[in-house]
Amino acid sequence: MSNQVISFDYVLTAKAGQVIDASAKGKPLIFISGLGQIIPGLEVILLAMEPLQKKTVTIEAKEAYGVYDEALVFKVDRSKLPTAEFQMGDMFEVGEGDRLSPVSITAINGDEITLDGNHPLAGEDLTFAVEIVAKRPATAEELAHGHVHGAGGCHH
Ligand SMILES: [Zn+2]
């Protein structure tokens, strides 16, 4: 199938039922399929739906933000952090050049700081209530730019 521009409303809930995220009223999320712009498990579902169709689906962690990887958890001395002012949950990037990875602080034990490189939603099965607002083939220009033009996208 050719790349599609899909706009959709969504409400995202985690296993425990709490709402994690949702599109704002009248401001659907818009993306181009086939470019890795949204989680793969959800893209497959949306591609098979038609405008105005609604659906509630649960996406397994491995098709969402990945399974939780213990190998991405590591400890550093507080002197290694980019700032002396920090608290639990703070996020920043580690690494060099184009190999920067986001990490968050998950434990503070004196000078020993635990950093976690997993996505905050890694390991979570996610439930999306979605409604397709609009769907059309992407233009050659949009594909060349890698983003949507016009309503809900880039105006340039
Ligand atoms: Zn553009």
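Atoms within a ligand are numbered from 1 in the order they appear, just like the ligands themselves. Side chains included, hydrogens not; waters and symmetry mates left out as well; all remaining heavy atoms used. As the structure is a prediction and not an experimental result, all values here were calculated from the model.
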So the angle subtended at the Zn ion (ligand 1) by H149 atom NE2 and H147 atom NE2, rounded to 10 degrees, is 110°

Of all the atoms in C154, is at least one N, O or S atom closer to the Zn ion (ligand 1) than 2.8 Å?
no

Nearest to the Zn ion (ligand 1) - the N/O/S atom of H145, by atom name:
ND1

More than 12 heavy atoms from other groups under 6.0 Å of NZ on K55:
yes

Decide whether T127 and T58 meet the rule of one side-chain donor and one side-chain acceptor closer than 3.5 Å.
yes

Parallel, tilted or perpendicular: which fits the ring planes of Y10 and F128, with parallel below 30° and perpendicular above 60°?
tilted

Indicate yes or no for a side-chain donor-acceptor contact from E142 to the backbone of T139 under 3.5 Å, with no hydrogens or angles considered.
yes

